[in-house]
2 protein chains.
Amino acid sequence: MSEKTKARKAALAEKLVELAERQIQLGGLASLKARPLAQDAGCAVGAIYNVYDDMTALVLQVNGRTFQRLGAAVTKAVESARQDTPTQRLIAMSHAYLHFASENTNLWRALFDVEMSADGPVPQWYLDALGGLFSNIAEPLSEIFPDMHEHELDLMTRALFSSVHGIVLLGLERRISGVPDDQIEKMIGQVLTQIG
Amino acid sequence: MSEKTKARKAALAEKLVELAERQIQLGGLASLKARPLAQDAGCAVGAIYNVYDDMTALVLQVNGRTFQRLGAAVTKAVESARQDTPTQRLIAMSHAYLHFASENTNLWRALFDVEMSADGPVPQWYLDALGGLFSNIAEPLSEIFPDMHEHELDLMTRALFSSVHGIVLLGLERRISGVPDDQIEKMIGQVLTQIG
DNA sequence: TCAACCCCTGAACACCGTTCAGTTCGGTAA
DNA sequence: TTACCGAACTGAACGGTGTTCAGGGGTTGA
């Protein structure tokens, strides 16, 4: 394959992932359809499959971008709270997580809604991105519980992430509990303050 | 409509919901298809729509049964721990929630995966069932925090439920990577013990 | 210039939930 | 018993998915 065609392929891949991201953001993961996407991109449906194995691969590409932005938002939050107490840093991270999910609900949902059981194992970058989030949580935790064994610290890290994730998930789900963002913030604060 | 036809209709509705429940349990919500279901039930595809408005209505019926069994399991757990501390009762309920989700993963997932945003409001029994779960949580909480205002207690109730739900959700999601139930139990214990 | 190559096209395929005209069946009145 | 009618049931057909693939057409290299 020549350089020119490679560049064209890359350009199409980029255009498709941007259009897909936009569509998921606006209408949710379920609203992303192959034919309208191709029309938006000015190509035929078949062209999508020269660039991505299937629609799931395209969604995973979108998720990669989303995870990157999410990680950046959380990291920024914990770094600007560098001089605060560990508990306050945990709360700052959780609030950043909440605000990202609240402002990018459909993209954030797509991170967890995408079907991955179909083919092989979870992509490595998925695990890496999650590991980055976890290490951000583990650090303040190890200050709060300096004597905790590594294994238990790891468990506690996952437990806290899962807790905050659950609060944000059900909080944003309007049909289950549907509460405004500041109430969700309060819930996160209630739980994390008890921990510290 | 005569009594006989009503009975026949009810019998088909029952048969369909049982077959659907079985199928979701075995293969997940996505594996429930109209045509195989009709074949299993010994009727034509169209007959399904004489009994249920659409497949979503059928799934909601299955979810109703699941929610009832889940509620019974949690209630039983909190009642057999009647003489324990409030924190222990919270942990007992959470463990019951975990075990139910672990042993009925696909049915439990269907409770949250079903699409309901399409049409009207959430069914009343959905809210009632959730309210029942919440009141089970609120009772021990009000013992732990007797001076807490009602509004904050309600928030804390939802926060705790969401936390446990998140831990169970993400814990079971990585079941393949080998996070056994007792580790999830430990995570729940870690978080709830800190609360009490 | 021109053949070999392969990207790109879009009709076609398999499968989905859902519909509906035609058929069959159940209940009821003659 | 018979005749009739409305409701239930049938299953092919409809509209909409994601995905495929033979063939047309642009790109490349000699």
Side-chain angles (χ1 to χ4, degrees), chain A residues 1-17 19-21 23-24 26-63 106 110 113-120, chain B residues 1-17 19-21 23-24 26-63 106 110 113-120:
Chain A
M1 183 184 325
S2 75
E3 288 303 319
K4 220 172 205 172
T5 59
K6 247 198 282 190
R8 198 153 27 110
K9 196 168 175 175
L12 180 58
E14 178 70 11
K15 182 183 261 183
L16 285 176
V17 77
L19 289 171
E21 185 177 47
Q23 183 57 43
I24 293 175
L26 292 179
L29 180 59
S31 80
L32 180 67
K33 305 294 162 75
R35 264 165 270 253
L37 176 66
Q39 190 159 8
D40 287 354
C43 68
V45 264
I48 296 174
Y49 295 88
N50 286 332
V51 178
Y52 296 102
D53 283 350
D54 48 30
M55 290 299 266
T56 299
L58 172 57
V59 173
L60 283 181
Q61 198 70 16
V62 173
N63 282 354
N106 286 332
D113 284 352
V114 64
E115 285 294 333
M116 287 195 299
S117 54
D119 44 12
Chain B
M1 180 184 326
S2 73
E3 288 304 319
K4 221 171 204 172
T5 59
K6 250 199 279 191
R8 197 154 29 108
K9 194 167 176 176
L12 180 58
E14 179 68 14
K15 182 184 260 183
L16 285 175
V17 78
L19 289 171
E21 185 176 50
Q23 183 58 43
I24 293 175
L26 292 178
L29 181 58
S31 81
L32 180 66
K33 307 293 163 70
R35 264 166 270 254
L37 175 66
Q39 190 158 10
D40 287 354
C43 69
V45 265
I48 297 173
Y49 296 88
N50 285 333
V51 178
Y52 296 103
D53 282 350
D54 49 31
M55 290 297 272
T56 300
L58 172 57
V59 173
L60 284 181
Q61 198 70 18
V62 173
N63 283 354
N106 286 332
D113 285 354
V114 64
E115 284 294 330
M116 286 196 299
S117 54
D119 43 13

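Each chain gets a letter, A, B and so on, in the order its sequence line appears, and its residues count up from 1.
With rounding to whole Å, B:D54 atom CG is found 17 Å from D:dG16 atom P. One can place CE of B:M55 at 17 Å from P of C:dC15, the figure rounded to the nearest angstrom. Atom NZ of A:K9 and atom C1' of D:dT28 are 17 Å apart (whole Å). In this structure, the CG atom of A:L12 is 16 Å from the C1' atom of C:dC6, given to the nearest Å. Distance OH (B:Y49) to P (C:dC20): 13 Å, rounded to an integer number of Å. Summarising the geometry, the separation between CD1 on B:I48 and P on D:dC9 is reported as 12 Å, rounded to the nearest angstrom.
A distance of 10.5 Å separates NZ of B:K15 from CG of B:L37, quoted to the nearest 0.5 Å. Atom-to-atom distance recorded for A:D113:CG and B:D113:CG is 7.5 Å, nearest 0.5 angstrom. In this structure, A:R8 CZ and A:N50 CG are separated by 10.5 Å, a value rounded to the nearest 0.5 Å.
Between A:I24 and A:A110 the shortest heavy-atom distance is CG2-CB, 4.1 Å. The two residues A:M55 and A:K33 have their closest heavy-atom pair at CE-C, 3.8 Å. Taking each heavy atom of B:A41 and B:L16 in turn, the nearest pair found is CB-CD2, 3.7 Å. Contact detail for B:I48 and B:A34: the closest heavy-atom pair is CD1-O, 3.6 Å.
Contact check of residues 27-45 of chain A against DNA chain D (heavy atom, cut-off under 4.0 Å) returns A:L32, A:K33, A:A34, A:R35.
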task: Evaluate the criterion side-chain contact (heavy atoms from CB on, under 4.5 Å) for residue pair A:L26 and A:N106; output intermediate values, then yes/no.
output: CA-CA 7 Å; A:L26 292 179; A:N106 286 332; over 6 Å; no
task: Carefully, step by step, assess B:Y52 and B:L60 under the rule side-chain contact (heavy atoms from CB on, under 4.5 Å).
output: CA-CA 10 Å; B:Y52 296 103; B:L60 284 181; over 6 Å; no
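Two end axes, each from the C1' atoms of five base pairs, can be drawn for the helix from C:dC8-D:dG23 to C:dA30-D:dT1; they diverge by 30°, to 10 degrees.
Side-chain N/O atoms of A:N50 include none lying less than 4.0 angstrom from OP1 or OP2 on C:dC7. At C:dG26, none of the side-chain N or O atoms of B:R8 fall inside 4.0 Å of OP1 or OP2 (strictly under the cut-off).
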